[in-house]
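Proteins get letters first, then strands, A, B, ... in listed order; numbering begins at 1 in each.
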2 protein chains.
Amino acid sequence: MASKKATIHDIAKELNITASTVSRALNNNPRISEATKKAVLGMAKDLNYQPNNLAAALRKGKSQLIGIIVPTINRSFFSSVIRGVEEVANKLNYRVIVSQSNEDVDNEIATLNALLNARVDGVLVSIGKNTDRFEHYKDLMERGIPLVLFDRTTNEVGTSQVVIDDYLGGYLATEHLIKQGCKKIVHFTNLKQVNIYKERYRGYLEALRDNDIPFDESLVYQSDMQLVDGRNCTEQLLASHKKFDAIFSASDYAAVGALQILKENGVKVPEDVALVGFSNEPFTSFTDPSLTTVSQFPIEMGQAAAESFFEILEAKKKKFIPQKTVLQPELIIRDSSLKSGK
Amino acid sequence: MASKKATIHDIAKELNITASTVSRALNNNPRISEATKKAVLGMAKDLNYQPNNLAAALRKGKSQLIGIIVPTINRSFFSSVIRGVEEVANKLNYRVIVSQSNEDVDNEIATLNALLNARVDGVLVSIGKNTDRFEHYKDLMERGIPLVLFDRTTNEVGTSQVVIDDYLGGYLATEHLIKQGCKKIVHFTNLKQVNIYKERYRGYLEALRDNDIPFDESLVYQSDMQLVDGRNCTEQLLASHKKFDAIFSASDYAAVGALQILKENGVKVPEDVALVGFSNEPFTSFTDPSLTTVSQFPIEMGQAAAESFFEILEAKKKKFIPQKTVLQPELIIRDSSLKSGK
DNA sequence: TTGTAGGCGTTATCAA
DNA sequence: TTGATAACGCCTACAA
């Protein structure tokens, strides 16, 4: 008896009641007797009833779907964030649709529209590196669709954000290197793009100042912060014959690139040069030496983003004041920065 | 003028035509004049019309949504597969919903039901390690809902599958080690669970036989194949004082664990022991030495899975014969297995 | 080529 | 506590 799917009408017919009653029974509506409720639930099971969320969504004007846009899903950090969102969302009977922008603004807009067409109830976004237009997000706000930005955010759109304290992360990393006795600390960063790097840089500067270490601008290298960029910057660094005893890279990928070049050139890590990355990508514990880095607690970030989303949803009718949730990062100390020996 | 969302009725009203005409214009129905079509498209743009896919889905009985279930999203391999699926799906105006089973059967069933409630048009699944029941998938088949299994599959459910030739992968890896002069090749595997490991093991055996290398069962170590398992197995291996000159680990994670223990014990890789992993996880190019491994072309696998899905969808009315798509793996040779020196 | 009418499955409103 | 009715936005026979 596969036949067709059972609907609330089928249940109603069997029980000689109406669909509205069935609907109420199924939705824990208080205006229903225990007896009929029990009967309905039993019949629902018998008929293997599966609610059609689509119909409910159409009627209610909400889909129980949350859209997430990330630059790329293929990155431990982002997939962990997604996982965090799912954990919270699933508990509240929401599902998650994921799309990638591939760091492209047009793609970001297209994918956003696709999500809207799928009638998501709201969108969580980590904006792409090159995104310089935000009209599509402002539109969203005007249309009253909940929007939460996480990790890579902007203040241009007046909505809730979830970030880690990148400033603190940069500070902790730099301070740690200073405590290891480092005085000439190179910094790899990318100040032209998203805020997160600027904040980490600010932490770096502040830690230097607090410890009376003179800032040397020539020790700051800017790039796209991929592995290959870390390699290139380190090669330039070595070729320049500048003195340095540490590198704080605002990206784990660039840090690994640095590690490779240093080793290839016989520079010992951490003995000659201490090294710290940022993000706690899984591979940082696999390198030799393992890489000191800063954990951003991606799962917690996802959870916080989801919670922010639901807060907006709750507050929809009242006026809502956008919140900025700031998570604390943690320095994960591994071998690449431990001068004190084993 | 934010007001409410425009519907086809709004467009119709503006143009003094009916909603059905608008619908036809919007859906490239041939029964429409070029003139009205142009007018409708123009007005749609003016009113910033966004189609309500929900309503269309309800009416048509299909949602343009594909559900994907993976053991964990936080794994380069799986997230790349998802990306591959997205590429194909998005082109055909389908969206993707992702869920994780976390390697748990009950979770797998729950998540499957959630996807069905979201009225996905079909499901792509990589089954969990511990999944030993398949009724929920058989149900799916009976209900005529397209199902495609990928990577971790089973033959218990008569549906299309997409896998790589794990046997060939195991063969290539082992053969490569033999060509490097290795004769005592340890194998890390997990034969109690999913097929993929059995196939890799079969490739290992066959390569040994083809090259007249005697098989020594005591060189096969079984575990859960995580990093820590690789460490444990390698410690046991060293403690046993067996002679060996290579390790072929059916998982990159276990291979990295092996690499760590070997180095900690002063065993040189590749000079003393050559090492090959499996999956081409990104970190395999970051280790020192970089890790020889087998690429499974996850993006291509995702694309193939999506294509299989659409084939089933197309053929829905006719009888459909399940297909097994087998992708060819590729050996990625890096430093960890190159005895011939730099 | 266009219009009419009905319904996809559910829920909200009103009345009983 | 339950029933009747309409509506969410769209698509599709069928009729014109």
Side-chain angles (χ1 to χ4, degrees), chain A residues 3-41 43-44 47-65 93 116-121 143-145 317, chain B residues 3-41 43-44 47-65 93 116-121 143-144:
Chain A
S3 71
K4 285 180 186 176
K5 285 164 193 162
T7 72
I8 54 172
H9 289 99
D10 299 321
I11 300 178
K13 205 173 291 171
E14 293 290 326
L15 260 38
N16 270 324
I17 54 178
T18 64
S20 8
T21 308
V22 175
S23 173
R24 279 190 281 260
L26 258 21
N27 290 289
N28 285 322
N29 190 309
R31 306 158 122 264
I32 188 105
S33 73
E34 273 306 313
T36 49
K37 188 169 175 176
K38 200 163 282 178
V40 167
L41 261 34
M43 184 56 68
L47 296 181
N48 189 26
Y49 168 74
Q50 303 283 121
N52 187 332
N53 293 356
L54 239 47
L58 176 60
R59 181 59 238 245
K60 293 195 288 194
K62 49 195 296 249
S63 61
Q64 306 275 117
L65 244 35
N93 247 321
L116 293 176
N117 283 0
R119 281 301 191 272
V120 292
D121 290 342
R143 290 162 65 186
I145 297 171
K317 263 114 209 190
Chain B
S3 72
K4 285 180 185 175
K5 285 164 193 162
T7 71
I8 54 173
H9 290 99
D10 299 321
I11 300 178
K13 207 173 288 171
E14 292 291 324
L15 261 36
N16 270 325
I17 54 178
T18 65
S20 25
T21 308
V22 175
S23 172
R24 278 189 281 260
L26 259 20
N27 291 289
N28 285 323
N29 190 309
R31 305 156 123 266
I32 190 105
S33 74
E34 273 306 313
T36 48
K37 187 169 176 177
K38 200 162 284 178
V40 168
L41 261 33
M43 184 57 68
L47 297 181
N48 189 26
Y49 169 74
Q50 302 281 123
N52 186 332
N53 292 358
L54 239 49
L58 177 60
R59 177 62 236 253
K60 292 194 290 195
K62 50 195 296 250
S63 60
Q64 306 276 115
L65 243 36
N93 246 319
L116 292 177
N117 282 2
R119 282 300 190 273
V120 293
D121 290 342
R143 290 162 64 184

Given B:Thr21, which of B:Ile8, B:Leu15, B:Asn29, B:Ile32 fulfils the side chain to side chain contact (heavy atoms under 4.5 Å, CB included) condition?
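Of the listed options, the one satisfying the test is B:Ile32.
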Whole-Å gap separating [atom2] ([N]) and [atom1] ([X]):
{"X": "B:Asn16", "N": "C:dT2", "atom1": "CG", "atom2": "C1'", "value": "13 Å"}
{"X": "A:Asn29", "N": "D:dG3", "atom1": "CG", "atom2": "P", "value": "13 Å"}
{"X": "A:Asn28", "N": "C:dT10", "atom1": "CG", "atom2": "C1'", "value": "16 Å"}
{"X": "B:Glu34", "N": "C:dT1", "atom1": "CD", "atom2": "P", "value": "9 Å"}
{"X": "A:His9", "N": "D:dG3", "atom1": "NE2", "atom2": "C1'", "value": "12 Å"}
{"X": "A:Leu15", "N": "D:dG3", "atom1": "CG", "atom2": "C1'", "value": "15 Å"}
{"X": "A:Leu26", "N": "C:dT10", "atom1": "CG", "atom2": "C1'", "value": "11 Å"}
{"X": "A:Ile32", "N": "C:dA12", "atom1": "CD1", "atom2": "C1'", "value": "15 Å"}

Under 3.5 Å, is there an N or O donor on one side and an acceptor on the other linking the side chain of B:Arg31 and the base of C:dT2?
yes
Is any side-chain N or O of [X] closer than 4.0 Å to OP1 or OP2 of [N]?
{"X": "A:Ser23", "N": "C:dT10", "value": "no"}
{"X": "B:Asn27", "N": "D:dC11", "value": "yes"}
{"X": "B:Thr18", "N": "C:dG3", "value": "yes"}
{"X": "A:Ser20", "N": "D:dT2", "value": "no"}
{"X": "B:Thr21", "N": "C:dT1", "value": "no"}

Decide whether A:Asn117 and B:Gln50 meet the rule of one side-chain donor and one side-chain acceptor closer than 3.5 Å.
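Looking only at side-chain atoms, B:Gln50 and A:Asn117 do form a donor-acceptor pair, the distance falling under 3.5 Å.
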If every non-hydrogen atom of A:Ala57 is compared with every non-hydrogen atom of A:Ser63, which pair is closest and at what distance?
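The pair with the smallest heavy-atom distance is CB-CA, 3.6 Å.
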Heavy-atom pair of closest approach, residues B:Ile11 and B:Met43:
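Taking B:Ile11 first and B:Met43 second, the nearest heavy atoms are CG2-CG, 3.8 Å.
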Using the closest heavy atom to pick a nucleotide of DNA chain D for each, name whichever of B:Arg24 or B:Tyr49 lands nearer the 5' end.
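Result of the comparison: B:Tyr49.
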Choose from D:dG9, C:dT2, C:dG9 the nucleotide whose nearest atom is closest to any side-chain atom of B:Thr7.
D:dG9
Verify side-chain hydrogen bond (donor to acceptor under 3.5 Å, both in side chains) between A:Ser23 and A:Ser20, making sure each step is shown before the conclusion.
CA-CA 5 Å; A:Ser23 173; A:Ser20 8; over 6 Å; no
Identify whether any heavy atom of A:Ile8 sits under 4.0 Å from a base atom; if not, whether one sits that close to sugar-phosphate; answer base, sugar-phosphate or nothing.
base
Let me confirm one number: the CZ-CG distance from B:Arg119 to A:Asn52, rounded to the nearest 0.5 Å.
4.0 Å
Using only atom types and a distance under 3.5 Å, with no angle test, would you say the side chain of B:Arg24 pairs donor to acceptor with the backbone of B:Lys37?
no
Identify, residue by residue, the members of residues 53-65 of chain A with a heavy atom below 4.0 Å from DNA chain D, and return them in order of residue number, or none.
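A:Leu58, A:Arg59 - these, ordered by number, are the residues of the stretch whose heavy atoms sit under 4.0 Å from the strand.
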